[in-house]
Amino acid sequence: MTNGWIDMKNTDMMLIMGGNPAENHPCGFKWPIEAKRARNAKMIVVDPRFTRTAVVADQFLQIRAGTDIAFLGGLISYALQNNRINKEYVVNYTNAAFVVKEGFKLPEDGLYSGFDPATQVYNKSTWNYEEGGNLTGKAAAGATMMAAAMHAGAHPAMVVAAAATAAAKPGAPPPPPMLPPNVAYDLSLEHPRSVYQLLKKHYSRYTPEMVERITGIPKEQFLKAADLFTSIRKDGDTKKVGTIIYAVGWTQHTFGTQIIRTAAMLQLLLGNVGRAGGGVNALRGHANIQGATDMAGVFDILPGYLKVPVPNDKDFDTYINRITPKAAKPKEWDSFNYWSNTPRFAVSLLKAMYGDAASKENGWAFHYLPKVDRRYSVTDIWDDMYRGKVKGIFAFGMNGVAIGPNSKKNIEALKKADWLVVCELFPDETSSFWESPGITAEDQKKINTTVYRLPGAGFAEKDGTFVNSARWLQWKNAALPPPGEAKLDQEILARIFLKIRELYQKEGGKFPDAILKAAWSYTNPNNPSLVEVAKEINGKALADVTDEKTQTTIKAGQQLPGFGFLRDDGSTSGGNWLYCGSWPEAGPLMQRRGTEDPSGLGIYPNWGWSWPMNRRVMYNRASCDVSGKPWDPSRKQVWWNEAAGKWVGNDVPDFKPDSKPQDHMGPFIMNPEGVGRLFVPLGFVADGPFPEHYEPFESPIANPLHPYQSTNPVVKKFKTAMDKYGTPAEGYNVVCTTYRLTEHYHYWTKNNPMNVQLVPEPFVEIPEELAREKGINGGDKVRVTSARAEYIAKAMVTKRIRPMKIDGKTTYQIGIPIHWGYRGIVEEEGKTAKDLANELSPTVIDPNAHTPEFKGFLVKLEKA
Amino acid sequence: MEVSRRTFFKAGLLGGVGLTVFGFDAAPLLAQTQGLKISRTTETRSTCPYCSVSCGVIIHTIGDKAKNVTPQVVHVEGDPDHPINRGTLCPKGSSLQQDIMNERRLTKPQVRRPGSTKWEDISWDQAISDIARLVKKTRDDTFIATDSEGRTVNRLESIAFTGGCTDTNEFNFLVVKTMRSLGLTYIENQARV
Amino acid sequence: MTERRTLQTEQISGHPGPVPGMGMQRNLEVCKLIDATTCIGCKACEVACVEWNDLPFQPTTFDNTYQTMPETNWNYWNLIKFREHQREDGTLMWLMRKDQCMHCADPGCLAACPADGAIVKYANGIVDFHQENCIGCEFCVSGCPFNIPKFNPATKKVYKCTLCSDRVGQGLEPACIKACPTGCLHFGTKEDMKMLAETRAKQLRDVSGFKDAGVYDPESIGGTHVIYVLHDAKNPELYSGLPKDPSIPFAYKAWKSIFKPLGLIGATLGFVGVVFHYVFEGPKREQPEVPPPKPEPPAGRKEL
Amino acid sequence: MNNGRDMTRPDWEKRIRRARELAAQYPAAAEVLGFYGEIAAFQREIFVAAAAENLHADPMRPLGEQLVRPAALGRFPALVELVEKKGPAGLAQAARELRQETPDEWRALLIKNSQPNGSDLTHRFFARACLQPMAEYLAFDSKVQFSGYSGPLCPVCGDKPQLSVLRPEGDGGKRSLVCSCCATEWDFRRILCPNCAEEDHGKLPRFSAEDFPHVRVEACETCKRYLKSVDLTTNGLAVPVVDEIAAAPLDLWAAEHGYQKIELNLMGL
């Protein structure tokens with residue numbers, strides 16, 4: 001979230017879409033309800049089903065799963081055409097005024113400029129800004145051409161690129177194009193290639209009629225919702241504020257990242273980002289997946305969202321030059337470009353990982369890190385295991401078989417693996433894959449996978465930090481030891497690692513360096529104290545470090561007070577720059593439990609600690625107008641204090657504290673432009689600078705915008721015999737979506753009698769009309785079939801999902817809660833079919849976030 | 001009832017000033033005191049492991065650590081101080097005690113051998129030695145130091161690590177440290193999906 | 001249960017003589033307010049009820065609904081009922097109503113009950129079953145306009161929500177109230193809850209466009225001590241069959257009238273009960289503990 | 001939402017009544033509770049007089065310095081007489097001695113003991129019995145805003161807490177502390193020692209006994225101090241200051257186990 005749970009009480013308008021917080025976050029949902037009760041805030045809920053959240057909505061719209069971009073694009077178009085935007089915000093805090101490179105083409109046919117059909121990737125060189133400074137008032141086409149031509153010869157980015165190419169050895173690919181340092185811009189927003197004009201043109205195709213054809217939302221309903229949501233900017237009002245709240249209903253698509261971008265763009269246009277009661281707020285579904293992402297539990301980043309090294313990074317300097325952005329902005333504006341500090345973050349990380357073995361001489365042990373130049377996402381793991389490439393897998397709390405997608409493929413993959421090590425609390429589907437339904441004793445004898453099932457520790461038994469969706473780090477204490485012989489996860493991991501290290505020490509082996517040199521100076525190496533690890537993550541000074549401006553010195557050995565003290569010369573170490581400041585010398589801030597909220601805005605600055613540097617609302621400079629005054633004086637986040645010459649506030653300013661408003665530094669300090677990106681240049685997203693509606697990979701219709709490029713052109717499907725995809729022509733014509741229930745938690749509470757009592761059995765939610773058509777009554781057993789598998793459960797016949805007219809065709813949607821499998825209380829009593837919902841879901845993933853499309857795939861439905 | 005002089009003295013000294021100095025009749029109170037069955041409860045601040053709201057909970061355990069008694073969870077209370085949940089819990093949070101004290105919990109390391117049709121108990125030492133040996137063999141068989149273009153890649157694509165949603169930050173850092181050092185590229189987490 | 005004795009009894013089922021203590025003291029009536037318009041059906045209240053009352057696990061079966069079971073049960077006293085409703089304008093509502101004993105001012109169960117002391121109504125409005133006196137005739141089941149009392153074939157007794165009379169007797173709010181994460185449940189005096197409910201209903205009418213929003217507190221049975229805020233108070237039946245004008249079967253009314261005068265005679269005998277603590281913050285009254293069957297002098301300590 | 005505990009007008013009747021009820025329920029504490037009831041009735045008079053005289057505190061000066069006023073001092077002889085008649089032997093003896101003293105000496109006694117840590121425990125009793133209701137009235141009257149305050153000392157008069165209270169908040173019990181001088185109640189978070197700010201849950205044991213289901217000893221292993229808490233989520237009928245006295249055996253148990261109370265209650269327990 002850019003904002004936080006309690007902050008939702010400050011809003012005037014909520015769009016809840018792709019998430020069902022009443023169902024999945026009941027205690028957090030008290031804050032949207034508080035906004036309704038105390039501020040008369042409005043709530044719009046858009047979902048394929050009438051959900052528990054919809055129950056308290058002011059307006060509910062039923063949408064076809066996977067058509068969110070069409071809906072949000074329609075909202076953008078509505079806001080632009082009806083002047084329901086915050087113009088001052090848009091001009092100054094977004095790249096709306098920036099001029100885009102000649103040759104950039106919008107996807108009228110479904111493709112942006114630069115697509116190579118052979119490789120199915122884009123050449124993104126035209127997805128860039130024009131070089132050239134202030135073009136305001138020179139909007140005539142001729143002038144534009146002139147300006148472009150004038151600068152073409154002396155394009156600094158090209159000069160840099162050319163130099164780099166010359167230096168590189170022959171055969172190496174040319175370095176990627178860079179952002180121009182002096183961006184061309186037109187503050188009148190009239191330049192035909194200004195981001196604003198392109199945006200307007202792009203989304204002008206998303207008419208209410210088109211929205212209706214694609215999403216199934218009747219035009220009148222759409223217009224009512226569009227009017228309501230944008231009403232906060234009616235008649236030039238800049239005081240009111242609206243929030244957008246979403247969850248995996250947006251991420252689990254083959255264009256999930258782009259849905260979220262569309263929402264962010266809408267919020268930028270309305271000027272809602274950075275403000276109390278505003279923002280783009282990912283609910284997230286689990287206790288510490290925010291933390292797991294921050295800490296790089298995923299293949300494509302290192303802790304603190306540093307980019308992973310690629311094979312072309314022949315040494316540390318090459319790597320760091322590649323990943324450190326240079327400011328790219330109008331010359332007259334300022335940009336903090338916080339990522340320019342990347343070298344400090346990266347060197348400190350390597351010092352934390354390898355200690356003394358990381359030195360300037362060996363490029364900070366850069367080559368100890370594996371180089372990553374392709375996708376290694378979770379779906380790829382199972383694919384590569386199925387293909388025999390992945391031989392062994394650790395599953396520490398992730399039930400990969402149940403999570404899918406295409407669970408049967410994952411089971412088949414595990415049969416081919418040499419070994420599987422599961423650390424879990426309860427018997428789970430993954431460790432029991434070899435005894436899953438349909439596998440006989442004879443079959444089991446042919447499965448040669450060795451499976452270790454290790455009893456781990458539950459939440460109450462371990463200390464350490466969780467990060468909630470509001471970026472709050474909260475330390476928790478262990479209340480009791482794990483039961484029986486169960487052990488703490490870190491002890492299990494440490495002992496395995498140290499045993500491996502011992503084997504390499506004794507016997508040698510392939511590239512043992514990193515294994516032998518990994519810093520492991522914990523007091524109890526076999527069971528590292530998480531206190532020590534947390535301090536290691538925060539970082540400490542290895543030599544005395546002095547901040548030039550404040551003349552504060554952190555002595556060697558002391559904990560660092562914040563990431564401003566991280567150095568790129570090896571004098572500091574720190575496992576994650578984002579968490580630097582969470583455990584300074586004074587003690588652990590994430591253990592704080594201060595209950596004060598002086599501003600009344602729900603900031604609670606002394607409760608836990610939120611990254612970055614305890615800022616509770618990100619980009620909060622944008623909560624003020626250009627002169628530094630809050631848009632709404634009654635909801636003041638931060639403001640410019642002229643007398644003190646700095647930014648002050650109820651929250652920690654997410655900004656360069658002494659940057660005067662006149663300097664015009666952009667509030668979006670993590671972008672080299674300093675402003676929010678309505679247009680994403682270069683390759684920061686794989687599928688286009690503006691989000692475009694593409695159909696889900698399995699879709700009942702051809703894309704009404706461009707039937708010949710129906711789905712996302714850069715999605716790659718998997719190609720084993722088990723990766724099957726259905727089409728309407730084959731009879732798969734029902735749209736299926738998956739989700740969770742408030743009474744259950746993932747594949748976990750099926751072990752708790754209370755939760756089992758509340759919802760005992762798997763079911764499928766089916767529209768009444770479809771049920772009638774198929775002769776299905778509520779409670780009947782139904783068979784749901786996708787191209788991958790069959791799923792049997794009881795029918796819940798409901799009015800809450802209605803047939804929809806999609807592009808003129810009646811289309812049905814059904815829904816399946818995911819909570820059951822083949823291990824659990826009712827499963828083991830033989831009361832369910834022991835199917836996994838994710839046996840149905842397809843192996844196809846988002847090109848940016850690599851999240852599978854669990855929502856909106858095609859199935860057939862019949863009475864079983 | 002006989003009240004020991006020692007008890008009386010100490011009580012007078014430290015807590016029961018009113019008894020001695022003010023002159024109340026101490027005998028009945030001391031008698032009741034001696035009959036008290038005192039239980040010691042520890043309250044531990046924790047965070048609900050389910051969704052991402054991070055409701056604060058206070059776990060009440062009884063059992064005296066000093067006396068080497070394994071604590072038992074007697075109550076899980078919504079943390080009234082927590083600014084987000086303010087003491088409330090959802091139906092999952094309300095039944096957390098069942099999650100902690102659950103007879104279905106795994107309590108012993110087990111192994112299922114190739115071709116076997118059953119789980120066997122195994123000692124921790126044995127399990128860890130076996131796993132380390134498997135990792136080393138797989139790694140040594142498949143480690144890639146340089147790719148086909150001769151670039152240093154130092155990677156291991158044949159072993160994957162998948163982490164869960166209640167793994168702590170600190171554990172996750174240890175995962176990064178150990179698994180990247182082994183060369184793993186397949187490091188993934190519930191966070192992906 | 002000793003806690004129950006701290007509540008003053010007002011009516012006793014099948015009781016041949018006067019009701020001890022009746023009328024000696026004006027007790028404040030308690031009330032549970034359920035705002036059905038902010039309920040999200042999360043069932044935290046169901047869990048709290050089961051846990052507080054230590055109700056045994058009940059295996060359930062899927063029944064084409066999100067509802068835990070079709071009706072409340074002898075071991076499941078608090079049930080959120082889910083009902084899908086399509087309005088005339090085509091929009092859908094998913095109506096969630098927390099179902100439990102309504103604690104009627106004029107309780108049909110009590111009127112119907114022939115067993116002395118099996119059902120009592122306390123002066124604060126709580127209607128409570130005393131299973132030790134229950135003869136298992138199930139007349140109460142047919143006397144209830146809300147289908148609440150449920151028979152346990154094993155014990156041959158009838159059970160239902162007690163409004164946590166044990167907790168209320170200890171000055172606490174019912175277990176379900178404290179469990180609600182969205183704050184749609186409130187507990188207090190009938191007067192306060194009525195006011196709160198009306199304020200909310202007005203907000204729904206004025207701001208949220210529910211022109212028929214209102215409070216459910218049916219007069220036909222003298223009101224209830226569980227009241228609802230409904231989006232559509234004109235059609236309570238929409239909320240899983242909440243009766244518009246609930247009534248007690250005539251036969252039971254007639255029966256009851258025989259005993260009524262006796263009850264009034266009882267008013268002259270002295271008995272002082274307890275007002276639960278929740279309303280202590282308001283008017284204060286004297287309240288020594290008195291077990292209902294054993295009369296004691298009124299102690300005469302009515303201060304203020 | 002307001003974090004500060006709203007000051008409700010002190011309810012002396014409730015305290016007196018509760019003392020009587022608890023005396024019946026806990027015979028061991030009957031003598032102490034009986035005497036407390038007498039003192040509370042006396043205190044009510046001072047509170048009522050302060051209200052009738054429309055007294056106010058000067059917000060710029062410490063409250064503790066403003067307590068010795070005629071409404072209290074004038075009733076000191078009545079207190080002495082009451083204690084002499086109804087008090088336990090030790091206090092009664094002290095009362096007899098005090099009766100011989102002059103009003104100036106009484107004033108001096110009150111002033112000396114109106115500050116924390118007055119040395120003579122018996123004199124301190126007399127001072128607190130006489131000045132507490134004045135402090136309570138002035139604190140109530142001052143309407144000091146302490147919303148959001150969560151420190152260990154009283155936000156109104158700066159004195160130490162004497163007991164803690166758990167009040168319902170959602171499913172849990174929110175803790176507040178009650179001032180030993182002016183009875184102001186303010187929020188104080190759980191699992192935190194009000195004496196030494198220890199936060200390690202392992203060092204903050206809570207001791208309870210079946211005899212007192214709603215009262216427990218909240219101890220700190222670090223500073224060896226404790227307070228008793230009255231849990232209104234377990235018993236909503238409890239009147240914290242009175243129930244705390246009734247659970248005196250827990251104080252004796254705590255004393256025997258080496259814990260010292262942060263501040264004794266009026267009855268010296």
Side-chain angles (χ1 to χ4, degrees), chain A residues 5 25-28 284 286-287 289 291-293 295 297 311 370-372 376 378 381 391-398 419 441 444-445 448 451 453-455 459-460 464-466 468-469 476-477 479-480 484-485 490 495 497 499-500 503 509-510 514 518 530 533-534 575 604 745 751-752 754, chain B residues 44 46-47 49-55 59 61 71 83-85 88 90 92 95 98 100 104 106-112 114-115 117 128 132 134 136 138 140 143 151 153 155 158-166 168-173 177-178 181 183 185-192:
Chain A
W5 285 104
H25 312 83
C27 292
R284 292 193 161 264
H286 303 261
I289 54 166
T293 323
M295 204 46 80
K371 309 299 179 288
V372 173
Y376 295 92
V378 69
I381 294 177
K391 304 283 188 191
I393 179 168
F394 290 99
F396 270 60
M398 186 174 181
W419 52 269
Q444 288 175 9
K445 287 176 190 158
N448 287 317
V451 186
R453 187 162 71 183
L454 310 176
F459 83 102
T465 312
F466 282 173
N468 78 356
S469 43
K476 62 189 179 56
N477 294 306
L480 71 172
E485 293 176 34
Q490 64 265 29
R495 287 181 60 177
F497 177 71
K499 185 59 87 174
I500 295 168
L503 291 179
K510 291 273 179 68
L530 296 191
V533 181
Y604 292 94
Y745 182 77
N751 295 295
N752 290 359
M754 178 66 82
Chain B
T44 309
S46 188
T47 305
Y50 294 141
C51 83
S52 47
V53 172
S54 76
C55 293
I59 301 171
T61 49
I84 299 177
N85 66 306
T88 61
C90 78
K92 295 183 290 286
S95 58
Q98 274 187 6
I100 304 168
R104 295 176 57 83
L106 298 170
T107 56
K108 281 182 172 162
Q110 290 178 308
V111 62
R112 180 266 177 192
T117 58
I128 281 164
L134 284 171
K136 181 162 193 299
T138 306
D140 285 347
F143 189 81
R151 302 174 297 186
V153 293
R155 72 187 174 206
S158 56
I159 296 178
F161 185 97
T162 57
C165 50
T166 58
T168 59
N169 281 353
E170 293 76 19
F171 176 80
N172 287 334
F173 183 65
K177 192 184 262 192
T178 55
S181 294
T185 48
Y186 273 126
I187 298 175
E188 283 282 278
N189 188 283
Q190 178 73 52
R192 175 70 71 196

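Residue numbers start from 1 in every chain, and the chains themselves are labelled A, B, ... in the order their sequence lines are given, proteins ahead of strands. Note that the structure is a prediction, hence the values are computed from the model and not measured.
Separation of atoms NZ (B:K92) and CG (A:N752) is listed at 11.5 Å; rounding is to 0.5 Å. Rounded to the nearest 0.5 angstrom, A:I289 CD1 and B:T166 OG1 are separated by 11.5 Å. Interatomic distance, A:K391 NZ to B:L134 CG, rounded to the nearest 0.5 Å: 13.0 Å. Here NZ of B:K136 is found 6.5 Å from CG of A:L503. Values are rounded to the nearest 0.5 Å. To the nearest 0.5 Å, atom CD1 of residue A:I393 and atom OG of residue B:S158 are 12.0 Å apart. B:Q190 CD to A:M398 CE: the interatomic distance, rounded to the nearest 0.5 Å, is 5.0 Å.
Proximity to chain A is limited to the side chain of B:C55, based on heavy atoms less than 4.5 angstrom apart. The contact between B:T117 and chain A is made by backbone and side chain atoms together, counting heavy-atom distances below 4.5 Å. For a residue to count as touching a neighbouring chain, one of its non-hydrogen atoms must lie under 4.5 Å from one of that chain's; by this rule A:F497 touches chain B with the side chain only.
Nearest heavy-atom pair, B:E188 versus A:V378, reported as atom, atom and distance to 0.1 Å: OE1-N, 2.8 Å. The nearest pair of heavy atoms linking A:A518 to B:S181 is CB-OG, 3.9 Å. Annotation for B:P109 and A:L454: closest pair CB-CD2, 4.1 Å, computed over non-hydrogen atoms.
Of the residues considered (B:N189, B:N169, B:N172), B:N169 shows the highest number of contacts with chain A, using heavy-atom pairs under 4.5 Å. The most heavy-atom pairs under 4.5 Å with chain A, out of B:S54, B:P49, B:A132, come from B:P49. Per-residue counts of heavy-atom pairs under 4.5 Å with chain A were compared for B:V111, B:T44, B:D140; the largest is that of B:D140. Between chain B and the residues A:Q444, A:R284, A:R453, the most heavy-atom pairs under 4.5 angstrom are made by A:R453. When each of A:G392, A:G464, A:G397 is checked for heavy-atom pairs under 4.5 Å with chain B, A:G392 comes out on top. Your options are B:Q110, B:K177, B:K108, B:R104, and the one with the most heavy-atom pairs under 4.5 Å with chain A is B:R104. Note: B:I128 leads B:I128, B:T61, B:T138 in heavy-atom pairs under 4.5 Å with chain A. Comparing A:A514, A:P26, A:G291, A:G484 by how many heavy-atom pairs each has under 4.5 Å with chain B, the most go to A:A514.
Side chains of B:C51 and A:H286 form no contact here, defined as non-hydrogen atoms less than 4.5 Å apart. Between B:S52 and A:H25 the shortest side-chain heavy-atom distance falls below 4.5 Å. Contact of the A:V533 side chain with the B:T168 side chain is not registered, since no non-hydrogen atoms from C-beta on lie closer than 4.5 Å. Looking only at side-chain heavy atoms (C-beta outward), B:I159 and A:W419 come within less than 4.5 Å of each other. When side chains are defined from C-beta on, B:R155 does not count as touching A:V372, because their heavy atoms never get closer than 4.5 Å. Side-chain contact check for B:I59 versus A:F459: some heavy-atom pair is nearer than 4.5 Å. The shortest side-chain heavy-atom distance between A:Y745 and B:C165 falls under the 4.5 Å cut-off. Inter-residue side-chain proximity for A:E485 and B:T107 is flagged as unmet; no heavy-atom pair is nearer than 4.5 Å.
The environment of A:K510 atom NZ is dense: over 12 non-hydrogen atoms of other residues, nucleotides or ligands sit within 6.0 angstrom.
Applying the side-chain contact (heavy atoms from CB on, under 4.5 Å) test between A:I381 and each of B:T162, B:T185, B:I187 identifies B:T162 as the sole match.
Classification of the A:F396-B:F171 ring pair by plane angle, with boundaries at 30° and 60°, yields parallel.
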Review point. Does the side-chain contact (heavy atoms from CB on, under 4.5 Å) test come out yes or no for A:N468 and B:I84, once each step is laid out?
Key: CA-CA 11 Å; A:N468 78 356; B:I84 299 177; 3.6 Å; yes
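Judged purely by atom type and a 3.5 angstrom limit, B:E170 uses its side chain to pair as donor or acceptor with the backbone of A:T465.
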